[in-house]
Chemist: 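Below is the structure I would like to discuss, written out as structure tokens.
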Amino acid sequence: MAGGGIVDPNSGARAHLYEYKITSYFIFSCIVGSLGGALFGYDLGVSGGVTSMDDFLKEFFPGVYIRKQESLHETNYCKYNNQLLTLFTSSLYIAALLSTFGASIVTRNNGRRISIICGSISFFAGAILNAAAQNIAMLIIGRILLGVGIGFGNQAVPLYLSEMAPAKIRGAVNQLFQLTTCVGILVANFVNYGIEKIHPWGWRLSLGLATVPAIAMFIGGIYLPETPNSLVEQGRLEEARQVLEKVRGTPKVDAEFADLIDASKAAKAIEHPFRNLFERKNRPSLIIGGLCIPAFQQLTGMNSILFYAPVIFQSLGFASGASLYSAAFTSGALVIATLISMAFVDKFGRRAFFLEAGVELFCCSVAIAITLALKFGEGTVLPKGIGIFLVIIICVFVLAYGRSWGPLGWLVPSELFPLETRSAGQSMVVCVNMFFTWVIAQGFLPALCHLKYGIFLLFAALILCMSFFIYFLLPETKQVPIEEIHLLWRDHWLWKRCCSPEENEQELTEKKGDHKSPLRIRCGAIATSESGNPTCRGSRRRTEDPREFLRSPSCPSTA
């Protein structure tokens, strides 16, 4: 397989010794922790609805309201092209981008739980300010506070869920973040639909209700346990052991606890985690998890589909209910797709979902582009049959995204970074994700106006590139303990070069009688002599027991 495989539990790691049970304590921790997704999702859903409400536009963007009411002779592609209005939405993502670096420091030094609580407080303040806004300045400041809350939440929550989850179900647990995000979008759209009829202050209620998930997250966060990984990192070993036993539902956690301590020792040796991200040995996790996957998640075109759905539904004649129907179809499909992914991602793997969905996303984007090119002109209404076809294609697109790039765009990066760079790495993930979200939010409408249906062909080309990237460069991480992900790089056709640079290779000679057996030094890998016993690449030490070998401080793979 081009992307490599999982670690054999008999190769020297302790994963096969891990034990766990699903406890009520673990379930509570995951539910409360995942509420950070509800904050993100509610804001995504509510802001799009509010910016289309006439009362909101009259008060803050009267020019846009006048343009909306006039019968302009323009294509539907350019109908909503206004940069000032999109700035209201996109300013949140810039704030989230910048705040994630501060969140990284808090997450590493004070724990994941404190970051989650800080995020809920900032989000609450932003929601209150937006609901009470009297001018655009108050709106923007409120959006910045919301962005800070999302930056903290998105930085800490995926880490929290990944570290609390047992390796065998980590994929499903981590995707609770995506599930609550989708549920938040769905709830927000129904709230907008119901509140739109309340004049002239209904939009204030929509924005103000964002305080509800923030309050729930704050109260739950007070009783939320810190992750054992973070407690070990802070030197609170006894407490970490107690939490690990309680979360796993068994006192037999010696192997997992030993791995946490080993990882923590490596983490404490790193004084500058952001600088360490760029070291050669961390390039695979940086390139895949920190840069490419969070960028690709936004470049799939999902946001454009969510935007364009109301126009298509209006063409079908749903009129005033178009926003509700489009929201119900797209948001509902996202929720269903996330549940599918949660149920099967730990069985079939991350790569399978990425690649299978990539084919669907590519075909759907091309189908949408061709259909609009042939049937969607200036001032024309789509025939009903064509409209129904597009609705089906959009639902297939959303279902494919919702079980692949949507949830896995957060899951896979949270798995790839070692403990010493995990907080800094997650900050990089959020930073890149928020930057490209801002680019799409700010630039999609002008691109749609100028490229028209060609924008979907562009997304199709990007999806094709993403799929090739996954096939050749992403190793499978399902059921691999999070502290042993680094072992995957040693067997990958490309990334093993980052672990064992050619210029550092040396020749070792082992004598057995009169015979000499040459061995190559390779970081984090096992070489075997003629006798069949493992010998550490990078050390002359020999051992009869492979497990003892990997635990040895002389072997680079445990560093």
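One-based numbering along the sequence shown. Heavy atoms only: backbone and side chains are in, while hydrogens, waters and symmetry mates are out.
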Chemist: Could you check whether atom CH2 of Trp405 has more than 12 heavy atoms from other residues, nucleotides or ligands sitting under 6.0 Å from it?
Modeler: yes

Chemist: Which residue pairs satisfy the salt bridge (Lys or Arg N to Asp or Glu O under 4.0 Å) criterion with at least one member in residues 386-415, sequence neighbours excluded?
Modeler: Arg170-Glu415, Arg350-Glu415, Glu356-Arg403, Glu360-Arg403

Chemist: side-chain contact (heavy atoms from CB on, under 4.5 Å) with Asn189: which of Leu186, Val187, Val191, Ile185?
Modeler: Ile185

Chemist: Tell me every residue that passes ring-ring contact (aromatic ring centres under 6.0 Å, His included) with Phe101, counting only those two or more places apart in sequence or in another chain.
Modeler: Phe274

Chemist: Can you check whether Leu159's main-chain N or O pairs, donor with acceptor, with Ser162's side chain at less than 3.5 Å?
Modeler: no

Chemist: Kindly indicate whether the side chain of Asn154, heavy atoms from C-beta on, has any atom under 4.5 Å from the side chain of Asn433.
Modeler: no

Chemist: Please determine, by modelled atom types, if Thr107 and Ser115 share a side-chain donor-acceptor pair under 3.5 angstrom.
Modeler: yes

Chemist: Between Phe296 and Phe469, does the ring centre distance come in under 6.0 Å?
Modeler: yes

Chemist: Hey, are the side chains of Gln175 and Leu339 touching, using non-hydrogen atoms and a 4.5 Å cut-off?
Modeler: no

Chemist: Check whether any side-chain heavy atom of Phe459 lies under 4.5 Å from a side-chain heavy atom of Thr300, and answer yes or no.
Modeler: no

Chemist: Return yes if some donor-acceptor pair links the side-chain N/O of Ser122 with the main-chain N/O of Gly119 below 3.5 Å, else return no.
Modeler: no

Chemist: Does Trp203 have its ring centroid less than 6.0 Å away from the ring centroid of Phe56?
Modeler: yes

Chemist: Less than 3.5 Å apart, any donor N or O on the side chain of Gln479 or Asp346 sitting next to an acceptor on the other?
Modeler: no

Chemist: I want to check something: taking the side chain as every heavy atom from C-beta on, are Phe397 and Met302 in contact at a cut-off of under 4.5 Å?
Modeler: yes

Chemist: Tell me, do Asn192 and Val50 make a side-chain contact under 4.5 Å, heavy atoms counted?
Modeler: yes

Chemist: With distance as the sole test, does Thr100 use its side chain to make a donor-acceptor pair with the main-chain N or O of Ala96 at under 3.5 Å?
Modeler: no

Chemist: Quick one, Ile394 and Val398 - any side-chain contact, counting heavy atoms below 4.5 Å?
Modeler: yes

Chemist: Within a strict 4.5 Å, meaning less than it, do heavy atoms of the Trp489 and Asp491 side chains meet?
Modeler: no

Chemist: Sequence neighbours left out, what pairs pass ring pair (Phe, Tyr, Trp, His ring centres under 6.0 Å) with at least one residue falling in residues 159-189?
Modeler: Phe177-Trp410

Chemist: Any sub-3.5 Å donor-acceptor pair from Arg351's side-chain atoms to Ile470's backbone N or O?
Modeler: yes

